[in-house]
K.L.:
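Before anything else, here's the structure in question.
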Amino acid sequence: MKFFIDTADIDQIRDLAGSGLVDGVTTNPSLVAKSGRNFLEVIEEICGIVDGPVSAEVAALDHATMLKEGRRLAQIAGNVCVKVPLTWDGLKTTRALADEGTPVNVTLCFSAAQAILAAKAGAAFVSPFVGRLDDIGHEGMDLIADIVEIFAAYPDTIDTEVLVASVRTPVHVIQAAKMGAHVATLPPAVLRQLALHPLTDKGLAAFVKDWEGTGQSIL
Ligand code: E4P
């Protein structure tokens, strides 16, 4: 399973990319606004830090302008993945950009029917938002199970990857991995949380103490 990080915070990206565990980055207009940075500059900077796909979202709502914006974003770096919303104009833009060889991440997916359309439009990724479905009383992970099952039924014609988005907890990540989702995009705090366990901390403290008692050194 690939891990992307869901942030436009350069310090976080630099720090986590250094772990060698980050396969890509996703941003959205809200994350860019939070960063307080110039959008095009911050995307260029992220692309210089991470080799994998960096999702940069169009702002327009109509196909013609989305397409222009997508082409502009794709010029920033070879690893830009243009992010478009799951609307009819977005799907049309996805088809056009995909035909030009530009990878597209179709975002704001909340149903299996929408995911099927994204795949048909030639999206490289479709982003179902699990946390936001949980927020309104749905079971967000059920959507991931449905999309993974549907895509797996068409191995020769669908190569769109399921990018689990709006991830809130490590449990979302474990469930997504069990379902065979291709990618999860994680807020930095959730990625860090994946490594934590109180028994690891307790065990390590005991090992450190006992090792010190031996008076030995490896180097
Ligand atoms: C995905 O690409 C989105 O940027 C993100 O996962 C949305 O998460 P949120 O629902 O926590 O804002």
Side-chain angles (χ1 to χ4, degrees), residues 1-10 12-13 16-17 22-37 39 42-43 45-47 49-50 52-59 61 66 69-70 73-74 76 79-87 90-91 93-94 97 102-111 114-115 117-119 121 123-144 147-148 160-177 179 181-194:
M1 182 184 212
K2 286 177 274 193
F3 285 157
F4 291 176
I5 39 177
D6 196 29
T7 184
D9 182 326
I10 291 290
Q12 296 273 13
I13 292 168
L16 287 166
V22 173
D23 302 298
V25 174
T26 52
T27 66
N28 64 39
S30 305
L31 293 170
V32 171
K34 196 172 157 196
S35 78
R37 296 269 319 265
F39 178 38
V42 84
I43 293 298
E45 202 170 336
I46 296 170
C47 288
I49 300 169
V50 176
V54 174
S55 289
E57 189 160 341
V58 297
L61 300 180
M66 270 190 204
E69 289 181 349
L73 293 169
I76 294 175
N79 55 333
V80 164
C81 179
V82 176
K83 206 174 182 189
V84 307
L86 212 157
T87 60
L91 291 167
T93 305
T94 301
L97 289 170
T102 298
V104 179
N105 174 2
V106 178
T107 190
L108 292 168
C109 171
F110 293 95
S111 79
Q114 289 181 318
L117 288 177
F125 302 100
V126 63
S127 292
F129 278 36
V130 294
R132 294 192 194 187
L133 280 169
D134 291 350
D135 290 345
I136 60 161
H138 290 239
E139 184 52 70
M141 292 312 302
D142 286 352
L143 175 59
I144 304 304
I147 299 172
V148 168
T160 304
E161 296 192 24
V162 180
L163 197 173
V164 182
S166 189
V167 167
R168 303 277 164 79
T169 68
V171 174
H172 279 149
V173 182
I174 295 163
Q175 290 175 331
M179 289 170 184
H182 306 87
V183 193
T185 188
L186 315 179
V190 174
L191 180 53
R192 290 200 171 85
Q193 256 185 304
L194 292 182

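All ligand and atom numbering here is 1-based and tracks the order in the structure. Throughout, residue positions are numbered sequentially from 1 according to the sequence presented.
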K.L.:
Are the side chain of N79 and the backbone of V50 linked by a donor-acceptor contact shorter than 3.5 Å?
P.N.:
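Checking the backbone N and O of V50 against the side chain of N79, a donor-acceptor pair under 3.5 Å is found.
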
K.L.:
Name the option, out of F125, F129, F4, that contains the heavy atom nearest to atom 7 (C) of ligand 1.
P.N.:
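Checking each option, the heavy atom nearest atom 7 (C) of ligand 1 is found in F129.
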
K.L.:
Please write down residue, atom name and distance for the protein heavy atom closest to atom 4 (O) of ligand 1.
P.N.:
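Answer, as residue, atom name and distance: N28 ND2, 2.7 Å.
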
K.L.:
Nearest to atom 5 (C) of ligand 1 by heavy atom, T27, T107, D6: which?
P.N.:
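Closest candidate by heavy-atom distance is D6.
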
K.L.:
Measure from atom 9 (P) of ligand 1 to every heavy atom in K83, R132, E57 and give the option owning the shortest one.
P.N.:
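Going through K83, R132, E57 one by one, R132 has the nearest heavy atom to atom 9 (P) of ligand 1.
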
K.L.:
Counting C-beta onward and ignoring hydrogens, is there a side-chain heavy-atom pair between I46 and T27 closer than 4.5 Å?
P.N.:
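Side-chain contact under 4.5 Å: yes.
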
K.L.:
Tell me: protein heavy atom nearest atom 8 (O) of ligand 1, and distance?
P.N.:
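Of every protein heavy atom, S166 CA, 3.4 Å lies nearest to atom 8 (O) of ligand 1.
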
K.L.:
Heavy-atom contacts with R168 under 4.0 Å: which atoms of ligand 1 show up? List them by number with element.
P.N.:
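In order of numbering, the contacting atoms are 9 (P), 10 (O), 11 (O).
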
K.L.:
Taking 4.0 angstrom as the limit and counting only heavy atoms of A165, give me the atoms of ligand 1 inside it, by number and element.
P.N.:
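Listed by number with element, the hits are 1 (C), 6 (O).
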
K.L.:
For the atom pair CD1 (I10) and CD (E45), what is the distance rounded to the nearest 0.5 Å?
P.N.:
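With rounding to 0.5 Å, CD1 (I10) is 4.0 Å from CD (E45).
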
K.L.:
I want to check something: taking the side chain as every heavy atom from C-beta on, are L143 and F129 in contact at a cut-off of under 4.5 Å?
P.N.:
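Side chain of L143 against side chain of F129, heavy atoms only: no contact under 4.5 Å found.
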
K.L.:
Please find the pair of heavy atoms, one from S166 and one from R132, that lie closest to each other, and give the distance.
P.N.:
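Smallest interatomic distance, heavy atoms only, reads OG-N, 3.1 Å.
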
K.L.:
Taking all non-hydrogen atoms of both residues into account, name the closest pair between A115 and L86 and its distance.
P.N.:
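What the structure gives for the nearest pair is N-CD1, 4.4 Å.
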
